[in-house]
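All values below come from the heavy atoms of this structure, side chains included, with hydrogens, waters and symmetry mates left out. On a predicted model such as this, the values are computed, not experimentally measured, just so you know.
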Amino acid sequence: MTTPLPRPALVVSMASSSSSSSSSSYYPKLRRNSIIFSSPNPLNCNTVLFCLSPSLSFNRSLFSKSLRIRATVLQDNEEKVVVEETFPPKSYPDEKRKGSDREKLPESSTPGGFERLIIKFEQSINIFLTGSVIKVLDTLYDDRHYARFFVLETIARVPYFAFMSVLHMYESFGWWRRADYIKVHFAESWNEMHHLLIMEELGGNSWWFDRFLSQHIAIFYYFMTVFMYAISPRMAYHFSECVEMHAFETYDKFIKAQGDELKKFPAPDVAVQYYTGDDLYLFDEFQTSRAPSTRRPKIENLYDVFVNIREDEAEHCKTMKACQTHGNLRSPHSITPDKDDDDFGCDLSQDCEGFVDCLKKSVTPSTGTKNST
């Protein structure tokens, strides 16, 4: 059995040890310059095709519209990294019905020419913003992998807080009554929080500068996401998809470059407890493309931990892509073969997309109100 070597202590004149992990020295510092994360095309969120395709279909009784999610293709230095090739979508709960059992997406939901321009504009801004942040991270964390992951995970959980904040506000005003979104977003934030705890146990938060940078970026990111989500939920979900896709690509490259080294070291306790504990309800909840209890990770070493974190990021990408179609998200625990969309008692027409749409619907009498008067 190989005994892990202690990582050399980090000495920084401005460092503060008040919040650093006591177990960081248990894990090795990985080889310097062993992997480069920068690329000529660091992020290629090719989701315009998803938003514009008129050929999507759904099965109303089985909610397959929220489950048939294709993952975004990432390209870097002619090496293709595809989420759906690494993690193929599951047929949940039943995709065997074809022909007359399936209905085509209504033509009214197909974006028009003006809306297509808006979608392209929104996604262009998102890609520019995420690309700029990636360049900064590539410069600051070229050979400091755990610190980079700590910053990424601190930032990655922020949008789910922002989504829930806006949705709670809408509920207070009576503009929103679909609890599945809040439930799934909380499960996503719970997953990202455990990623963060893992990186802290690995020593990713040892430097004061890394904590300072990530926390202040998170504050700015929160308010930016709240504003963006209030104006255009579709744009906010696409931006989060781009962030999660970058996280997936980062972990994928790291595993390929450091896989043999990672297998020599034990898994952090927090990772073992999270992935193999008795209560995995929230773990199943954020994976909207899978049936509950179909994914049960085996954690034997540090390599297994990073593989499962990568899989988590792929699931986040699928969920964020599903959310870009209004009303497309369902909690995995609320989907059963004997239920249809009406069983939830939710009228999609009463929901709203963004603050302007919510305000307009709040002052416009509904069809039911008109008929009753």
Side-chain angles (χ1 to χ4, degrees), residues 1-8 21 23-39 41-44 71-88 134 137-138 141-153 156 191-192 194-206 243-276 283 287 295-318:
M1 177 177 179
T2 305
T3 302
L5 299 176
R7 189 176 60 177
S21 174
S23 60
S24 61
S25 62
Y26 191 73
Y27 297 92
K29 182 175 181 181
L30 300 176
R31 296 190 301 270
R32 182 179 180 88
N33 296 329
S34 59
I35 178 172
I36 304 299
F37 291 97
S38 60
S39 66
N41 184 16
L43 184 61
N44 180 16
T72 303
V73 177
L74 293 175
Q75 295 181 346
D76 182 22
N77 295 332
E78 299 181 355
E79 178 185 358
K80 186 170 70 171
V81 181
V82 185
V83 175
E84 65 179 354
E85 289 180 359
T86 310
F87 317 108
I134 290 171
L137 294 179
D138 288 339
Y141 299 100
D142 181 46
D143 63 337
R144 299 176 55 227
H145 307 295
Y146 293 155
R148 181 191 182 102
F149 298 152
F150 168 77
V151 174
L152 281 177
E153 298 301 344
N191 175 259
E192 297 289 8
H194 283 84
H195 291 179
L196 181 62
L197 293 176
I198 292 171
M199 298 311 158
E200 289 178 349
E201 190 166 339
L202 294 175
N205 64 334
S206 299
V243 173
E244 298 292 358
M245 190 62 71
H246 169 67
F248 168 84
E249 183 184 33
T250 302
Y251 285 119
D252 187 71
K253 292 181 180 179
F254 175 72
I255 291 170
K256 291 177 180 178
Q258 301 289 346
D260 294 337
E261 292 292 326
L262 294 174
K263 293 177 181 179
K264 300 177 182 179
F265 301 97
D269 292 338
V270 63
V272 176
Q273 296 173 5
Y274 175 68
Y275 286 111
T276 64
F283 177 74
Q287 303 179 72
R295 179 186 166 202
R296 289 296 178 261
K298 293 182 179 180
I299 305 297
E300 298 179 352
N301 49 49
L302 192 57
Y303 175 83
D304 294 336
V305 174
F306 278 99
V307 167
N308 280 282
I309 292 177
R310 182 187 64 179
E311 288 195 24
D312 293 345
E313 304 299 349
E315 294 298 330
H316 286 301
C317 290
K318 297 174 186 178

message: Does any part of the side chain of Leu137, heavy atoms only, come nearer than 4.5 Å to the side chain of Thr250, both counted from C-beta?
response: no
task: Supply the atom-to-atom distance Arg295 CZ to Asp312 CG, rounded to the nearest 0.5 angstrom.
output: 4.5 Å
query: Rounded to the nearest 0.5 Å, how far apart are OG1 of Thr276 and NZ of Lys298?
result: 12.0 Å
field: Result of checking Asn191, Asn308, Asp269 against Tyr274 for side-chain hydrogen bond (donor to acceptor under 3.5 Å, both in side chains)
entry: Asn191
- prompt: Does the pair Asp138/Arg148 count as a salt bridge with the N-to-O cut at 4.0 Å?
  reply: yes
- request: Under the side chain to side chain contact (heavy atoms under 4.5 Å, CB included) rule, what do Glu201 and Tyr146 come out as? Steps first, then yes or no, please.
  value: CA-CA 10 Å; Glu201 190 166 339; Tyr146 293 155; over 6 Å; no
- prompt: Is it true that Glu315 and Lys318 make a salt bridge, defined as a side-chain N closer than 4.0 Å to a carboxylate O?
  reply: yes
- request: For the pair His145 and Phe254, name the ring-plane relationship: parallel under 30°, tilted 30 to 60°, perpendicular over 60°.
  value: tilted
- prompt: Between atom CD of Gln287 and atom NE2 of His316, what is the distance when rounded to the nearest 0.5 Å?
  reply: 8.5 Å
field: Note, Val305 side chain near Ile299 side chain (heavy atom, < 4.5 Å)
entry: yes
task: With rounding to the nearest 0.5 Å, note down the distance linking SG in Cys317 to CD in Glu244.
output: 6.0 Å
- request: Could you tell me the separation between the CZ atom of Phe150 and the OG atom of Ser206, rounded to the nearest 0.5 Å?
  value: 9.5 Å
message: For the CD atom of Glu249 and the CD1 atom of Ile134, what is their distance to the nearest 0.5 Å?
response: 7.5 Å
message: Measuring only between side-chain heavy atoms, which start at C-beta, is Asp304 closer than 4.5 Å to Pro297?
response: no
message: Side chains of Met199 and Leu152, heavy atoms from C-beta outward: is any pair under 4.5 Å?
response: no
message: Are Ile198 and Phe306 packed together at the side-chain level, in the sense that at least one heavy-atom pair is separated by less than 4.5 angstrom?
response: no
- prompt: Are His195 and Glu192 linked by a side-chain donor-acceptor pair shorter than 3.5 Å?
  reply: yes
message: Is the distance from the ring center of Phe149 to that of Tyr141 below 6.0 Å?
response: no
statement: Only one of Gln258, Lys263, Glu261 passes side chain to side chain contact (heavy atoms under 4.5 Å, CB included) with Tyr303, and that residue is Lys263
- request: Evaluate the side-chain proximity of Tyr251 to Glu311: yes if any heavy-atom separation is below 4.5 Å, no if none is.
  value: no
